[in-house]
Amino acid sequence: MTNGTNARKTLMLRSGAAPPRCLCWYDPTPVSSLDQMVRRCCALGEDDYLLCEDGGLPVALSSSMPSGIVLHVERVPQAASVEAVAAAAASNLPAPSADAVVVIDPISTGAVLAHAAVHQARLRAICVWSEVVPIELRAFVAKGLGVTYSGVVQHEKGELLKTVAKVRAVGIRVAAVMVGCETGVLLGDQLSEALGCRTNGTAKSPLRRNKFSQMEAVRAAKLNACGQELAHSKADVEAFLASQKPATAFKAVVKPVEGAGSDGVFICDSPAQVRSAFSALEGTKNVLGLDNYAVLLQEFLKGEEYVVDTVSRDGVHKCVAIWKYDKRIFNGAPVVYFGMRLLPVDAEPELKQMVQYTFDVLDALDIKHGAMHSEIKLEERGPVLVEVNCRLHGGEGTWAPMAERCIGYSAVTAMLDAYLDPAAFAALPSMPGHFRAHAMEAKLRSAVEGILTQIDETRWAEITSLSSFVSAMVTVAEGKPISKTVDAVTASGNINLVNTDKVQLEADYQRLHELVDGLFTAVPESSYRKTHMSPRGAARPSVDPAELPQSA
């Protein structure tokens, strides 16, 4: 349609979770007039904003832009100055005059995210505790990553509106809602939607925690999926066993339907072991404090296992890291993490296909925004999903500095970009390549249990002198309990290795694991108590953790 010689044009605008709005003008129209229309249409006031395509690429506002396109209106967050952030941190105060990021359950890598939001994005942070995160996990924050929150809100089950009111009562504009830990996934969908922030919405939330429903959605999308059965009873277990094809070597996986890491994962070599594993999990709580209300029985996937870490915005997915797991049998457990390797996408011929498969899985789960940690196995039939964890890669986030040294960014920085700096997110490659260096994480494993009496100083000194050594996180201390390592939860820490020489990196990784065997000495707790009691019966002070071998 024209008005004389002027063409009538339309523009659809999306702003947060609000319904799309339509703008109409006759070309040519001054940019200042279009700007005022955008501001009034999206209630922007005098705030700075960007118009972006899906994925964050900024578009200049112009009367001559094509008619009928859809753009996102992104309010530019108000950040504090570098000087204000430093001064506030020195006084243990939030930075003034900055917007806020809500982080739900900011523990483990969530603590890294909150710290980066404050010190890199220069925003304030509001902590929201979900109703399911155990109290004892709330202190799971690495040294140096503590944040002074502008508000701390406790969510109660079924009280979303009260939580929304408490967040708003903090009195700071919320720029984004992000999930810090697995326990916060469902609340993340609910709170982001209720606050009108960038959100995946609640319509398909169950797919983001329930691993059975997740796999069925992948199967419905005609993507590779493993065989499975959700067991609420022993009868369900028998039905699963009856459905298994006869094989020379039986193998199946039994795990919590809403677990994390390798907690509660059993690799079973016989029907009897499946029955025993179900009985061991039925009615218990997992490492996150969540009830194991059902048990997942799955086909055993024999291929090598990878992690595909992604960050998404508007349904545009970026693979920000590919890690290859090194899992072995240790202490009789079948899936003990020895470490993982960071890979460029061209390191193996199947990786591009695996990343694209992961993108397709995210689409099947209706994931449009945020960080996802997907575990994939490469089978003869192609890549097959193990599970998608709808939050950042865990493991305390110690992998993030390694990724940043190798490729210049990490899932943490990419997540902040996706929510707060769309142009920076748009500039990220779709898959990682062009490495500056190579990285591996090695887990510290314990073959002993009881009370730790010694960390071998000679072995530790050689570990820290390896040419690839960058940093270490030790989670055990002399005079304190130590467990035999049987899964990710019972690991005794990890070592980060980075080297521009890939051959040297691999040699250092191998030598490190040789040194880890025999690193720890422990005695039974009962023996320790007998030998560490004073004549009057009082326990002697345990060794100060600061005296243990440590590294930056």
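Remember, it's a predicted structure, so these values are computed and weren't measured experimentally. The figures here come from the full heavy-atom set of this structure, side chains too, leaving out hydrogens, waters and symmetry mates.
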Q: Donor-acceptor check, side chain of D189 to backbone of N200, threshold 3.5 angstrom: yes or no?
A: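 Absent.
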Q: Which value, rounded to the nearest 0.5 Å, describes the distance between Q298 atom CD and C226 atom SG?
A: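 SG of C226 is found 3.5 Å from CD of Q298.
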Q: Return yes if some donor-acceptor pair links the side-chain N/O of K377 with the main-chain N/O of L301 below 3.5 Å, else return no.
A: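 Such a contact is found between K377 side chain and L301 backbone.
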Q: Any donor and acceptor pair, going by atom type alone, linking the side chain of D487 with main-chain N or O of V489 inside 3.5 Å?
A: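 Yes; judged by distance alone, with no hydrogens or angles, the pair exists.
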Q: Main chain of V311, side chain of H317: is a donor-acceptor contact present, judged purely on distance under 3.5 Å?
A: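 Not a single qualifying donor-acceptor pair exists.
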Q: Going by salt bridge (charged side-chain N to carboxylate O under 4.0 Å, His left out), K324 matches just one of E350, E348, E375. Which one?
A: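 Of all the options given, the one that passes is E348.
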Q: State which residues pass ring pair (Phe, Tyr, Trp, His ring centres under 6.0 Å) with H72; sequence neighbours excluded, sorted by chain then number.
A: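 H72 satisfies ring pair (Phe, Tyr, Trp, His ring centres under 6.0 Å) with no other residue.
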Q: What side-chain donor-acceptor pairs closer than 3.5 Å can you find for residues 87-94, not counting sequence neighbours?
A:
from: S91; atom 1: OG; to: A87; atom 2: O; distance (Å): 3.4

Q: For A80, does its backbone N or O pair with a side-chain atom of R122 as donor and acceptor, under 3.5 Å?
A: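 Checked: pair present.
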Q: Please walk me through it: do R445 and D517 pass salt bridge (charged side-chain N to carboxylate O under 4.0 Å, His left out)?
A: CA-CA 8 Å; R445 300 165 286 103; D517 292 328; 3.1 Å; yes
Q: Taking N331 for its side chain and S446 for its backbone only, find out whether a donor-acceptor pair lies under 3.5 Å.
A: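 Looks like yes, one N/O pair under 3.5 Å.
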Q: H115: which residues meet the ring pair (Phe, Tyr, Trp, His ring centres under 6.0 Å) condition with it, sequence neighbours left out?
A: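 Only H119 meet the ring pair (Phe, Tyr, Trp, His ring centres under 6.0 Å) criterion with H115.
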Q: Can you sort out the partners of Y325 under ring pair (Phe, Tyr, Trp, His ring centres under 6.0 Å), two or more places apart, ordered by chain and number?
A: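 Expected list: Y337.
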Q: Rounded to the nearest 0.5 Å, how far apart are OG of S108 and CG of L113?
A: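 Taking OG in S108 and CG in L113, the distance rounds to 11.0 Å.
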Q: Among residues at least two apart in sequence or on other chains, which ones pass side chain to side chain donor-acceptor pair (under 3.5 Å) with T475?
A: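 For T475, no residue satisfies side chain to side chain donor-acceptor pair (under 3.5 Å) once neighbours in sequence are set aside.
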Q: Can you tell me how the ring of H393 sits relative to the ring of W323, calling it parallel under 30°, perpendicular over 60° and tilted otherwise?
A: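 Perpendicular.
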Q: Quick one: does any side-chain atom of Y149 pair with a main-chain N or O of V128 as donor and acceptor, under 3.5 Å?
A: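 Looks like no, no N/O pair under 3.5 Å.
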Q: Indicate yes or no: does R459 engage E462 in a salt bridge with an N to O separation below 4.0 Å.
A: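 No.
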Q: Can you sort out the partners of S483 under side-chain contact (heavy atoms from CB on, under 4.5 Å), two or more places apart, ordered by chain and number?
A: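 Counting only residues at least two positions away or on another chain, S483 forms a side-chain contact (heavy atoms from CB on, under 4.5 Å) with T490.
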Q: Can you name the residues that form a side-chain contact (heavy atoms from CB on, under 4.5 Å) with E506, not counting sequence neighbours?
A: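 Partners of E506 by the side-chain contact (heavy atoms from CB on, under 4.5 Å) criterion, ordered by chain and then number, come out as R341, M440.
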Q: So, N389 side chain and H373 main chain: donor-acceptor pair closer than 3.5 Å or not?
A: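 Between the backbone of H373 and the side chain of N389 there is a qualifying donor-acceptor contact (under 3.5 Å).
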Q: Quick one: side-chain contact (heavy atoms from CB on, under 4.5 Å) partners of L186, sequence neighbours excluded?
A: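 By the side-chain contact (heavy atoms from CB on, under 4.5 Å) rule, L186 matches S205, R209.
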Q: With a 3.5 Å distance limit and no angle check, can you tell me whether N494 reaches the backbone of E441 through a side-chain donor-acceptor pair?
A: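 Looks like no, no N/O pair under 3.5 Å.
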Q: Would you name the heavy atoms of P344 and L351 that are closest together and state the gap between them?
A: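 Where P344 meets L351 most closely, the heavy atoms are O-CD1, 3.5 Å.
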Q: Heavy-atom count check: over 12 atoms from other residues, nucleotides or ligands less than 6.0 Å from E380 CD?
A: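 No, not enclosed.
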Q: Which heavy atom of H369 sits nearest to which heavy atom of M372, and what is that distance?
A: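 Shortest heavy-atom separation between H369 and M372 comes out as O-CE, 3.5 Å.
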Q: Would you check if the side chain of N496 reaches a backbone N or O of T398 as a donor-acceptor pair within less than 3.5 Å?
A: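 Between the backbone of T398 and the side chain of N496 there is a qualifying donor-acceptor contact (under 3.5 Å).
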Q: Verify side chain to side chain contact (heavy atoms under 4.5 Å, CB included) between Y357 and V218, making sure each step is shown before the conclusion.
A: CA-CA 10 Å; Y357 166 83; V218 170; 4.1 Å; yes
Q: State, to 0.1 Å, how close D99 and L123 come at their nearest heavy-atom pair, and which atoms those are.
A: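 For D99 versus L123, the nearest heavy atoms are O-CB, 3.4 Å.
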Q: Would you name the heavy atoms of D456 and G518 that are closest together and state the gap between them?
A: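 Of all heavy-atom pairs spanning D456 and G518, the closest is CB-O, 4.2 Å.
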Q: Restricting to side chain to side chain donor-acceptor pair (under 3.5 Å), what partner residues turn up for D326, sequence neighbours left out?
A: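 R328, Y509.
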Q: Can you name the residues that form a ring pair (Phe, Tyr, Trp, His ring centres under 6.0 Å) with H434, not counting sequence neighbours?
A: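 H434 satisfies ring pair (Phe, Tyr, Trp, His ring centres under 6.0 Å) with no residue once adjacent residues are dropped.
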Q: Got a sec, which pairs hit ring pair (Phe, Tyr, Trp, His ring centres under 6.0 Å) with one end in residues 74-99, sequence neighbours left out?
A: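 Output for this query is empty, none listed.
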Q: Do any side-chain atoms of residues 412-432 form donor-acceptor pairs under 3.5 angstrom with protein atoms, and if so which ones, sequence neighbours left out?
A:
from: T413; atom 1: OG1; to: S410; atom 2: N; distance (Å): 3.0
from: T413; atom 1: OG1; to: S410; atom 2: O; distance (Å): 3.1
from: D421; atom 1: OD1; to: A424; atom 2: N; distance (Å): 3.3

Q: Under the side chain to side chain donor-acceptor pair (under 3.5 Å) criterion, do Q504 and D508 qualify, and how do the steps go?
A: CA-CA 6 Å; Q504 184 61 53; D508 287 348; 2.8 Å; yes
